[in-house]
Amino acid sequence: MRSLRGLLPQWRDYRELPRSWRRDVVAGVTVGIVALPLALAFGVSSGAGAESGLITAIIAGVVAAVFGGSNVQVSGPTGAMVVVLGPVIAAHGVGALALVCLLAGLIVLVAGLLRLGAAVSYIPWPVIEGFTLGIAVIIFLQQVPAALGAAPGPSNNAFVAALESVGTVNLADLWWPLIIAVLVAVIMIVSPKIHAALPGSIIAIIVVTLGATLLNLPVTTIGELPASLPAPTLPAWDSAMVLTLLGPAFTIAALAAIESLLSARVAASISDTGPYDADRELIGQGLASVAAGFFGGMPATGAIARTAVNIRSGARTRLAAIVHTLVLLLVVYVASNVVATIPLAALSGVLMVTSARMISLATVRTILGSTRSDAVVFTLTALVTVSVDLIYAVGVGVLAAAFFTLRRLAMSAGVHREELPLPVHPADERIALYRLDGALFFGAAERVLARVNSIQDVSVVILRLSKLQVLDATGAQVLTELVHMLERRDVTVLIKGIPPEHIALATRVGVVASLRHHKHLFSDLEGAVDHARSHVRRSRDADASASTR
C-alpha cells in the first residue's frame, strides 16, 4: 500500500505553491495561448477534428497534470501521436477513436502499475533523435495537402500521400491556401526575433483569420465547434472490435509512454523543480488518455515543446499546467464561434514551422560527426520512421544500437599471452600464460576459444582471469569447453583469480569442475606459476626416467 500511495497525487506536489502561484498562473496562460493552435492543428491533422484536439488538451491536460510524475510537464495532443493515430482513423473511422483511446490508456496505466517507467532509459540518444527527426518530417509532409488546398492522398505513407495530393492540385484553388500557410510561417519565424515573449502562432492565426474573413477568401475553415464540453460517454465496443484495435492500441500506448517519459526527462534536466517519477508519469498519462476517450478526445502524451514553454515562463508547480487547460476551456465556452473561422491552411503553416523547430541541426551534426555506428543508428531510425512505422523505428534503432554496442564490447575482450615471472626456469617454454580481460560473453566467446586452443607444444596453460570484467553463461560454458579440450590434449589447465562476482556462475556452469584437480584453481599468480613449473619438472623427469629404461 505504501508503494501504491507513492504513485498517487500528494500534498508535496504543491509545496512551492504559496511562493510560486503568480508565476505558475502567468506560465499557464502563456502555455494555453501557445497550445491553442497546436491542439486545433493536431486534431485536424489526425482526422479526428479540431474539437477532438481541443478536448484532449483540456481533459487529458488536467488529468496528467494532477496524476502525472512531473511538476512542470504539459500534456495534450502531439505530432507523434497524430502520425500514428491518423492511419488508425483512416482505416477504422472516427467511431473507433474513443475505444482505441481507452485501450491505449489502460495499457499505459498498467505499465505504470508494473513499474516499467525506467525502460525508456534504455533507448539510446541517437535513436531518440532519429525518431524525432522522422516524426518532424512526417508532420511536415502531412500538412502539404492543406497548405496547397488539395485533398490528402490515399496512401498511409506521408511522403507518398503528399506526392499524390500534389498531383491533384487545382491551380485556381492553390494560391490563397499557400499564401496563408506561408504568411503564418513568416510571422511565426519573425515574431521571436522582435521579442522572445511574442506568441507567434497566435499572432499569425489572428492576422490570417481576420484577413480571410474581411476579404471573404475562398478557403476551407475549421468549421463549427461545440460551445461547451460534451458529456462523457462510454465508447461502443464488442469483442471483435477490441481484438481489431488491440494492435494499434499497443502501438499508440508504446508511443505515448516513450514520448511522455522523454518529455518528463527533458523537463527535469532543464528545470530545478525536482526529479520526475517515471512510473507515476505513466499512470498519469494512462488516466489522461482514458479520460480523453470518454469525452471524445484522442490519446495524449507529454508535449516537449509546450513543457519547455511552461518552464521558460517560470512554472514551478502543477498549477501552471492546470491553468493552461482552464485557458483552453475558456476558449471553448467564450470564443468557439471565432475559432471556427480559422483557415485550415493557417493550421498547416503552424505545424510546418513546429515540425521544423523539432529538428536541431546542431544535434544532427553532432551525432553524424560522433561515431560511424551512432550515425548509422540515427539515420536508420529516421528512415524507418518516415518509410515504415514509428514503433518499428524505435525497435530497429534499439536493435541496431545494441548490435554495435555488443560488437564494441566483443572487441574489448582481450586474450594476451604473457611472459612468466622472472627468473627464467628450464622448460618455461612448455608453459603458456594467458590473460583474459574485458568481456567474455556470447559475442566474444568463440574468438577466445579459438585463440587459446590453437596453442601448440605446451604442457601447462595458465588462464589468468582476474581482469575479466564481464562473464555470462556462454562465456563460462566456453571456458569449460576450453579446459576440456586442452585436457584431452594432455595439457594441464590452471586457473588463476576468478573475480568474486563471477565465482558463483563459473561454479554453476562447470568451469571449476572441469579442472583436473580442485587444487588447480589459484588465487595468486605466483602459486599458479610455481605449480606449473613443478608439473613441467615432474613430467620432464618422468620422461627422462622412461627413456633410460
**OP:** Calculate, to the nearest 0.5 Å, the distance between atoms OG and CD belonging to S348 and Q142 respectively.
**Re:** 10.5 Å
Subject >> W125, CH2: over 12 other non-hydrogen atoms inside 6.0 angstrom >> reply: yes
Subject >> Side-chain donor/acceptor of R265 to backbone N/O of L262, under 3.5 Å >> reply: no
**OP:** State the CD1-CE distance between I55 and M298, to the nearest 0.5 angstrom.
**Re:** 11.0 Å
Original post:
At what distance, to the nearest 0.5 angstrom, does CZ of F295 lie from OG of S52?
Top reply: 13.0 Å
**OP:** Check whether any side-chain heavy atom of R280 sits under 4.5 Å from a side-chain heavy atom of P9, and report yes or no.
**Re:** yes
Original post:
Once you round to the nearest 0.5 Å, how far does CE of M81 lie from CG of L255?
Top reply: 4.5 Å
Original post:
For T132, what residues pass the side-chain hydrogen bond (donor to acceptor under 3.5 Å, both in side chains) criterion, not counting sequence neighbours?
Top reply: none
**OP:** Ignoring hydrogens and angles, tell me if any N or O in the side chain of T307 forms a donor-acceptor pair with the backbone of V74 under 3.5 Å.
**Re:** yes
**OP:** Rounded to the nearest 0.5 Å, what's the gap from CD1 on I180 to CH2 on W175? Could you check?
**Re:** 14.0 Å
Subject >> All salt bridge (Lys or Arg N to Asp or Glu O under 4.0 Å) counterparts of R306, not counting sequence neighbours >> reply: none
Subject >> Pairwise side-chain contact, W21 with L319, heavy-atom cut-off 4.5 Å (strictly under) >> reply: yes
Original post:
Would a distance-only check, ignoring hydrogens and angles, find a side-chain to backbone donor-acceptor pair under 3.5 Å from S263 to E259?
Top reply: no
Original post:
Donor-acceptor pair, T209 side chain versus I206 backbone, under 3.5 Å?
Top reply: no
Subject >> NZ/NE/NH1/NH2 to OD/OE distance under 4.0 Å, D277 and R115 >> reply: no
Subject >> Lys/Arg-Asp/Glu bridge criterion (N-O < 4.0 Å) met for R318, D13 >> reply: yes
Original post:
Quick one: side-chain hydrogen bond (donor to acceptor under 3.5 Å, both in side chains) partners of S201, sequence neighbours excluded?
Top reply: none
**OP:** For residues L38 and L351, determine if any side-chain heavy atom of one lies less than 4.5 Å from a side-chain heavy atom of the other.
**Re:** yes
